Amino acid sequence: MPLKLAIIGRPNVGKSTLFNRLAGRKLAIVDDQPGVTRDRRFATGRLGDLDLELIDTAGFEDVSDESLEARMRAQTELAIDEAEVCLFVFDAREGVTPLDRIFADILRRKDKPVVVLANKAEGKAGDAGTGEAFSLGLGEPLPISGEHGEGMADLYGVLAALAPGEDEEDDEAEGGEDKPVRIAIVGRPNAGKSTLVNRLIGEDRLLTGPEAGITRDAIPVDWEWGARKVRLVDTAGLRRKAKVNEKLEKLSTQDTIRAITFAEVVILVMDATHPFETQDLQIGDLVEREGRGLVFALAKWDLVEDPQARLKEFIEHAERMLPQVRGTPVIALSAETGRGVERLMPAVFKVHKDWSSKIKTRDLNDWLQMAIQRHPPPAVNGKRVKPKYMAQTKARPPTFVLFSSRADQMPDHYRRYLINSLRESFDIPGVPLRITIKSGANPYADGEAKSGPAPGRPKGGRATTAKPAAKGKPARPKAKPATDRPAPKAVVRPRGPTTGRPRSR
């Protein structure tokens, strides 16, 4: 079984850097600004032959009011209770601070093994601070550098002694288990994304509050809905690119876009009091271009007056502004009260099923003939465009190839007609569809270009055929033109005796 570690400490001591080092990937956002991490972040890692389950936590603050820092401290205390071993990280260059001593007192009261790590101890700059850690009463500190990977061998020796034995149950059958469905929850800041995740999983897993922009990392949460495994990814709010100036917000935006790229279905959460604004439409267009399934969630529905009329208006507005994802389900809900949340996951799995759908080639071609008879393709420059054959090349998202004459001249509006007709006929709404139009090779049009002019056919003229020579006689060469014939030479005959009858006088 993997050893569950909680990486804890005050802000800006390098917890997320160590988390990324042990995970082997840059999962958590790292910046010089203190307080970057706010939510608990889970990941698997490996140190030598030790399997690790890592928990990255927010910087510990000594507050107990209703502020954001107090809520971050509550998340850190939950991580301490869940972990088997606590890695207490402090800055060796700054030494032990009063906040470190307060945190050490809390850890001593917990019945958990604690490993003290003096981070940023590369070189000799951290020797003095490392020695100060003995006064904490938590054992011998280990000098490490999460940025450069120093001290990992010493950390392995300590963790190997705390790891569970080999005789415990460890061989669980995982090969036959289904992979979790990856669902990304995106939207503008303060739209209610984290509140929706907490409502779905039934616990206060993520930080929420009236402040905008609380979530900074893309936080994955493993969950089960019915018998299906689900990985929900809560993301930072996306604002217009012109308003993103800070480096930290740019990193959060990149993390959100990466979550969309690796998701299978994206839930676009919008504030029901003013949904489908320009930024919402741009996010929906980004999801379609990435080829992911899409579900619209209208959060804070309990604040809307005349909900039935407003919902109908929102659906019509969505189909008008985003025709490329026509038929996307729109779910009105309130994560605060739980109203309408039960309709969200069935809609998500319906979109996931459509996103993974495959259509038989025979059914596709029967539909193609019907679509052509209903609305034939227009003629281009007086010449008809004739679709001939269609097949599906892959799913997720459904991608098709259509063979047609003059494929490069097929108008875009006819391609859109085929996509919309395909959605209606096979009941796959709200899923990006891809149609590639190709034309087969025409030997009559391309043969001359590939092999050159045929024998006996002059370039640019009509074909000429030579008459066969008579049997047994060589063919008589044609006379050259007069302009090319050399001038005849004068023949001089010699005088000699003549034979025959003499002339009479």
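Note that the coordinates shown come from a computational prediction; the quantities given were computed from them, not determined experimentally. FYI, the numbering just counts along the sequence from 1.
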Review point. Rounded to the nearest 0.5 Å, how far does CZ of Phe426 lie from CG of Leu433?
Key: 11.0 Å

Check your understanding: Taking atom types as modelled and ignoring hydrogens, do the side chains of Thr337 and Asp302 form a donor-acceptor contact shorter than 3.5 angstrom?
Key -> no

Exercise for review: State, with a plain yes or no, whether a side-chain heavy atom of Leu298 is found less than 4.5 Å away from one of Leu311.
Suggested key: yes

Review point. For residues Gln324 and Asp285, is any side-chain donor paired with an opposing acceptor at under 3.5 Å?
Key: yes

**Study point:** Lys394, NZ: over 12 other non-hydrogen atoms inside 6.0 angstrom
**Key:** yes

Practice item. To the nearest 0.5 Å, tell me how far Met390 CE sits from Asn365 CG. Key: 8.5 Å

**Study point:** Contact list for residues 338-351, test side-chain hydrogen bond (donor to acceptor under 3.5 Å, both in side chains), sequence neighbours left out
**Key:** Lys350-Asp354

Check your understanding: Rounded to the nearest 0.5 Å, how far does CD1 of Ile435 lie from CZ of Phe400?
Key -> 7.0 Å

Check your understanding: Between Thr215 (side chain) and Thr235 (backbone), is there a donor-acceptor pair under 3.5 Å?
Key -> no

Check your understanding: What is the minimum heavy-atom distance between Arg423 and Val325, and which atoms define it?
Key -> NH2-CA, 4.2 Å

Exercise for review: May I ask you to decide if Arg40's main-chain N or O and Arg205's side chain share a donor-acceptor pair within less than 3.5 Å?
Suggested key: yes

Study note, to complete from the structure: Residues Val186 and Lys193: closest non-hydrogen pair is C-CD, 3.4 Å

Point to revise | Flag, side chain of Asp363 to backbone of Ile359, donor-acceptor distance under 3.5 Å | key: no

**Study point:** Contact list for residues 308-329, test salt bridge (Lys or Arg N to Asp or Glu O under 4.0 Å), sequence neighbours left out
**Key:** Arg310-Glu313

Review point. Does the side chain of Ile183 reach to within under 4.5 Å of the side chain of Val230, using non-hydrogen atoms?
Key: yes

**Study point:** Set of side chain to side chain donor-acceptor pair (under 3.5 Å) partners for Ser421, sequence neighbours left out
**Key:** Trp367

Review point. Which class fits the ring pair Phe349 and Trp225: parallel under 30°, tilted 30 to 60°, perpendicular over 60°?
Key: parallel

Check your understanding: Is the CZ atom of Arg384 crowded by more than 12 outside heavy atoms at less than 6.0 Å?
Key -> no

Practice item. Would you name the heavy atoms of Leu418 and Ala371 that are closest together and state the gap between them? Key: CD2-CB, 4.4 Å

Review point. Between Arg199 (side chain) and Ala335 (backbone), is there a donor-acceptor pair under 3.5 Å?
Key: yes

Point to revise | Test item: Ile80 and Ile8 side chains (from C-beta on) under 4.5 Å apart, heavy atoms | key: yes

Check your understanding: Is there a side-chain contact between Val431 and Pro398 (heavy atoms, below 4.5 Å)?
Key -> yes

Revision key, fill the gap. Those residues at least two apart in sequence (or on a different chain) that pass salt bridge (Lys or Arg N to Asp or Glu O under 4.0 Å) with Asp280 are Arg188

Show me the side-chain donor-acceptor pairs of residues 256-270 shorter than 3.5 Å, one per line, residues at least two apart or across chains.
| unit_1 | atom_1 | unit_2 | atom_2 | d |
| --- | --- | --- | --- | --- |
| Thr256 | OG1 | Ala236 | N | 3.4 |
| Thr256 | OG1 | Ala236 | O | 3.2 |
| Thr256 | OG1 | Ser252 | O | 3.0 |
| Arg258 | NH1 | Asp255 | OD1 | 2.7 |
| Thr261 | OG1 | Ile257 | O | 2.9 |
| Glu264 | OE1 | His352 | NE2 | 2.9 |
| Glu264 | OE2 | Arg396 | NH2 | 3.2 |

Study note, to complete from the structure: Tyr414 meets the ring pair (Phe, Tyr, Trp, His ring centres under 6.0 Å) criterion, sequence neighbours left out, with His375, Tyr417

**Study point:** Nearest-0.5 Å distance, CD1 of residue Ile185 to CG of residue Leu344
**Key:** 7.5 Å

Review point. Going by heavy atoms in the side chains, are Arg406 and Met410 under 4.5 Å from each other?
Key: no

Check your understanding: For the atom pair OG1 (Thr44) and CG (Leu54), what is the distance rounded to the nearest 0.5 Å?
Key -> 7.5 Å

Check your understanding: Does any N or O in the side chain of Arg46 come within less than 3.5 Å of the main-chain N or O of Gly48, such that one atom is a donor and the other an acceptor?
Key -> yes

Review point. More than 12 non-hydrogen atoms from neighbouring residues, nucleotides or ligands closer than 6.0 Å to CD on Glu336, yes or no?
Key: no

